[in-house]
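See below for the structure under consideration.
Convention: sequence-line order gives letters A, B, ...; per-chain numbering from 1.
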Amino acid sequence: MAKIKAIRGMNDILPDQTPIWQYLETEVKRVLASYGYSELRMPIVEQTDLFKRSIGEVTDIVEKEMYTFEDRNGDSLTLRPEGTASCVRACEEHGLTFNQVQRLWYMGPMFRHERPQKGRYRQFHQIGVETFGMQGPDIDAELIMMTARLWRRLGLDQAVKLHLNTLGSAEARARFRDDLVAYLSEHVDKLDADSQRRLSTNPLRILDSKESSTQELLNEAPHFHDYIDDESRHHFEQLCALLDSAGIAYEVNARLVRGLDYYGKTVFEWITDQLGAQGTVCAGGRYDGLVEQLGGRPAPAVGFAMGVERLILLLETLQAVPEYVHQKIDIYAIAMGDDALADMFGIVEQLREESELRVQLHCGGGSFKSQMKKADKSGARYALLLGDDERRSGVVTLKPLREAADQKQINTAALTAELVAIYAAEQE
RNA sequence: GUGGAUGUAGCUCAGUUGGCAGAGCUCCGGAUUGUGAUUCCGGCGGUCGUGGGUUCAAGCCCCAUCAUCCACCCCA
């Protein structure tokens with residue numbers, strides 16, 4: 001019988017990886033909490049129309065990457081390919097955007113049917129942050145400063161660069177797009193094949209083309225600079241000024257275009273050159289029109305999303321994960337003989353009751369030697385030994401595994417106090 | 001969706017012009033009593049991704065298929 005395997009592009013996250021995930025999630029939550037953001041949890045499945053109406057009908061995501069299926073009652077449902085649409089839907093549905101300000105975050109799996117490669121999977125995880133009800137560049141700046149703080153905290157700040165751009169108002173963008181398409185249509189023959197296709201699907205994406213011939217052609221093309229509306233220009237200038245005074249370095253990248261239709265004005269990406277083709281580790285922007293587009297009363301909004309797998313890849317390639325993250329046991333307890341084992345259960349339970357120490361009791365038998373080997377491999381700093389000798393004198397043996405110090409016997413009643421003192425001294 | 005590379009033990013990988021399926025690591029046991037990491041000895045472990053074909057004989061050659069990785073596209 002053929003073995004059942006995980007679905008392509010959907011990965012198990014194994015025990016040697018989960019500590020890194022927990023570390024990243026913990027640090028992100030701390031930063032978010034320090035800015036007063038609240039968590040929102042949404043369903044993973046939504047009505048298909050939600051994504052069609054928000055992301056854009058002709059985007060690759062909607063056209064060919066969504067996991068869409070029929071519910072038993074015939075409704076078309078879709079595994080969420082991103083979080084913003086769900087978040088807006090949830091906020092709107094519960095009145096959270098009605099005349100109020102919101103600062104929210106969520107984390108969880110997203111689904112896109114793409115060909116997997118490094119940093120790109122069919123089930124992947126994002127941590128998303130969305131804000132509503134604030135139209136000025138101050139909140140744009142706050143979001144960017146928050147991400148910058150996170151990179152510093154994670155030790156990634158030297159490896160990522162901030163790219164910044166403005167897409168202007170919907171009207172300005174539309175005029176620019178029309179003129180750009182008109183110009184490029186006259187030179188279709190000089191465009192690379194991909195860009196020819198984009199001409200009808202997502203012409204702004206052509207600005208991002210990697211073909212040098214296409215880039216040459218673009219030098220003579222209309223420039224968005226000449227189309228931007230005054231309000232967007234001011235918004236962008238103020239944002240840049242705020243980032244300047246906060247000491248945050250950025251590169252204005254006029255070719256930076258986001259793939260989703262709902263973005264306008266500010267867009268930004270944090271990019272690394274350490275991960276191969278999937279360099280964008282965090283990206284977002286302003287989407288003032290989306291709430292209204294989804295049927296709500298108009299509300300300005302800005303947000304971004306981080307790719308968790310990509311951040312973890314980056315942490316690993318930079319070897320930026322602190323050593324303690326992989327340390328899961330403080331004490332490994334070994335008992336020799338059935339009577340000692342019964343006593344040891346009581347001792348380790350009391351230790352757990354009276355301290356925060358992480359104590360693992362050896363189970364499953366084996367020779368004393370093999371138990372010592374397991375103690376060593378566990379990474380614990382101490383082995384706690386109990387045999388007939390110790391039981392006779394009411395003590396346990398504490399054996400250091402990581403330093404060249406002698407083992408010593410400790411009165412069982414004083415064990416917790418002794419260990420807590422040792423670990424407290426270690427903290428200083 | 002397109003292109004390239006790769007599938008052999010739990011892991012990392014050898015395997016010659018086609019001729020008995022291998023190593024290292026891990027795991028288990030041992031090197032005189034209850035002391036780990038180094039060392040030495042022994043052991044467990046494989047439908048060679050899967051299905052066909054060629055051949056006296058296939059891990060190796062041919063076809064198909066699946067999966068993984070990398071890149072394109074797209075995106076976090």
Practice item. Would you check if there is a donor-acceptor pair between the side chains of A/Tyr35 and A/Arg149 at a distance under 3.5 Å? Key: yes
Review point. Can you find a side chain N or O atom of A/Arg205 that sits less than 4.0 Å from OP1 or OP2 on B/rC75?
Key: yes
Check your understanding: Charged N to carboxylate O below 4.0 Å: is that the case for A/Arg358 and A/Asp330?
Key -> yes
Check your understanding: Using atom P of each nucleotide, how far apart are B/rC27 and B/rG22 to the nearest Å?
Key -> 24 Å
Review point. NA contact type, A/Leu311, heavy-atom cut-off 4.0 Å: base, sugar-phosphate, or nothing?
Key: nothing
Check your understanding: So does A/Arg89 pair up with A/Glu92, basic N to acidic O under 4.0 Å?
Key -> no
Check your understanding: Side chains of A/Thr397 and A/Gln407: do they bring a donor and an acceptor to under 3.5 Å?
Key -> no
Review point. Checking all strands, does A/Gly83 fall into the base, sugar-phosphate, or nothing category for heavy-atom contacts under 4.0 angstrom?
Key: nothing
Exercise for review: Going by the side chain to side chain contact (heavy atoms under 4.5 Å, CB included) test, name the single residue among A/Thr412, A/Leu419, A/Val420 that passes it with A/Thr416.
Suggested key: A/Val420
Exercise for review: Name the nucleic acid region contacted by A/Thr59, choosing base, sugar-phosphate or nothing; use a 4.0 angstrom heavy-atom cut-off, strictly under.
Suggested key: nothing
**Study point:** Check: A/Glu390 side chain, B/rG34 base, donor-acceptor under 3.5 Å
**Key:** yes
Point to revise | B/rA5 and B/rC62, which share atom name P, separated by this distance in whole Å | key: 13 Å
Exercise for review: Report the distance from atom CZ of A/Arg197 to atom P of B/rU2, rounded to the nearest whole Å.
Suggested key: 14 Å
Review point. Within less than 4.0 Å of OP1 or OP2 of B/rA71, is there a side-chain N or O belonging to A/Gln117?
Key: yes
Check your understanding: Any Lys/Arg nitrogen of A/Glu82 or A/Arg112 sitting under 4.0 Å from an Asp/Glu carboxylate oxygen of the other?
Key -> no
Point to revise | Residue among A/Leu167, A/Ile139, A/Thr166 satisfying side chain to side chain contact (heavy atoms under 4.5 Å, CB included) with A/Arg286 | key: A/Ile139
**Study point:** Rounded distance in Å between the P positions of B/rU17 and B/rU2
**Key:** 35 Å
Review point. Can you tell me how far C1' in B/rC70 sits from the matching atom in B/rA31, rounded to whole Å?
Key: 48 Å
Check your understanding: B/rG36, B/rC74, B/rG34: which one has an atom nearest the side-chain heavy atoms of A/Glu114?
Key -> B/rC74
Exercise for review: Establish, with yes or no, whether the OP1 or OP2 oxygen of B/rU68 is under 4.0 angstrom from a side-chain nitrogen or oxygen of A/Arg8.
Suggested key: yes
Point to revise | Base of B/rU35 paired with side chain of A/Gln371 (donor-acceptor, under 3.5 Å) | key: no
Point to revise | Salt bridge A/Asp376-A/Arg402, side-chain N to carboxylate O under 4.0 Å | key: yes
Exercise for review: Kindly point out which of B/rA71, B/rG34, B/rC75 is positioned nearest to the side chain of A/Lys118?
Suggested key: B/rA71
**Study point:** Check: B/rC74 base within 3.5 Å donor-acceptor of A/Arg120 side chain
**Key:** yes
Revision key, fill the gap. A/Gln123 atom CD is separated from B/rA76 atom C1', nearest whole Å, by 14 Å
Check your understanding: Any Lys/Arg nitrogen of A/Arg120 or A/Glu114 sitting under 4.0 Å from an Asp/Glu carboxylate oxygen of the other?
Key -> yes
Revision key, fill the gap. Pairing partner of B/rU16, by Watson-Crick or G-U wobble and under 3.5 Å for both distances, is none
Review point. In terms of the nearest nucleotide of RNA chain B, which residue is placed more toward the 5' end: A/Ser367 or A/Asp388?
Key: A/Ser367
Check your understanding: Hey, does the side chain of A/Lys377 come within less than 4.0 Å of B/rC25's phosphate (OP1/OP2), counting only N and O?
Key -> no
Point to revise | Span that lies between the P atom of B/rA67 and that of B/rC75, in whole angstrom | key: 25 Å
Check your understanding: Hey, does A/Gly276 reach any base, or is it just sugar-phosphate, or nothing, if we go heavy atoms under 4.0 Å?
Key -> sugar-phosphate
Review point. Roughly, in whole Å, what's the span from OH in A/Tyr332 to P in B/rU35?
Key: 17 Å
Review point. With a 4.0 Å cut-off on heavy atoms, is A/Gln278 in touch with a base, just the backbone sugar-phosphate, or nothing at all?
Key: base
Check your understanding: Over how many whole Å does the gap from A/Gln196 atom CD to B/rC73 atom P extend?
Key -> 15 Å
Check your understanding: How far does the C1' atom of B/rG29 sit from the matching atom of B/rC20, given to the nearest Å?
Key -> 28 Å
Point to revise | A/Leu384 CG to B/rU35 C1', straight-line distance once rounded to whole Å | key: 14 Å
Practice item. To the nearest Å, give me how far apart CZ (A/Arg115) and P (B/rC73) are. Key: 14 Å
Practice item. Respond yes when some side-chain nitrogen or oxygen of A/Lys64 is under 4.0 Å from OP1 or OP2 of B/rC74, and no when none is. Key: no
Check your understanding: Contact class for A/Ala283 vs. all strands (heavy atom < 4.0 Å): base, sugar-phosphate, or nothing?
Key -> sugar-phosphate
Exercise for review: Measure from CG on A/Asp16 to P on B/rG10 and round the result to the nearest Å.
Suggested key: 17 Å
Exercise for review: Examine the base of B/rU35 for any acceptor or donor lying under 3.5 Å from a partner atom in the side chain of A/Lys399, and report the outcome as yes or no.
Suggested key: yes
Check your understanding: What is the distance, rounded to the nearest whole Å, between atom CG of A/Asp60 and atom C1' of B/rC72?
Key -> 12 Å
**Study point:** Under 3.5 Å on both distances, the Watson-Crick or G-U partner of B/rA64
**Key:** B/rU50
**Study point:** Euclidean distance for P, B/rC74 against B/rU6 (whole angstrom)
**Key:** 28 Å
Review point. Now, which nucleotide makes the Watson-Crick or G-U wobble pair with B/rA37, with each of the two distances under 3.5 Å?
Key: none
Check your understanding: Does B/rC28 pair with anything, Watson-Crick or G-U wobble, both distances under 3.5 Å, and if so, with which nucleotide?
Key -> B/rG42
Check your understanding: With rounding to whole Å, what would you report as the distance between B/rG7 and B/rC41 at their C1' atoms?
Key -> 35 Å
Review point. Can you tell me the Watson-Crick or wobble partner of B/rA71, both distances under 3.5 angstrom?
Key: B/rU2
Exercise for review: Consider the side chain of A/Met372, meaning its heavy atoms from C-beta on, and name the nucleotide among B/rA76, B/rG34, B/rG36 that approaches it most closely.
Suggested key: B/rG36
Review point. Reckon A/Arg198 has a side-chain N or O less than 4.0 Å from the OP1 or OP2 of B/rC74?
Key: yes
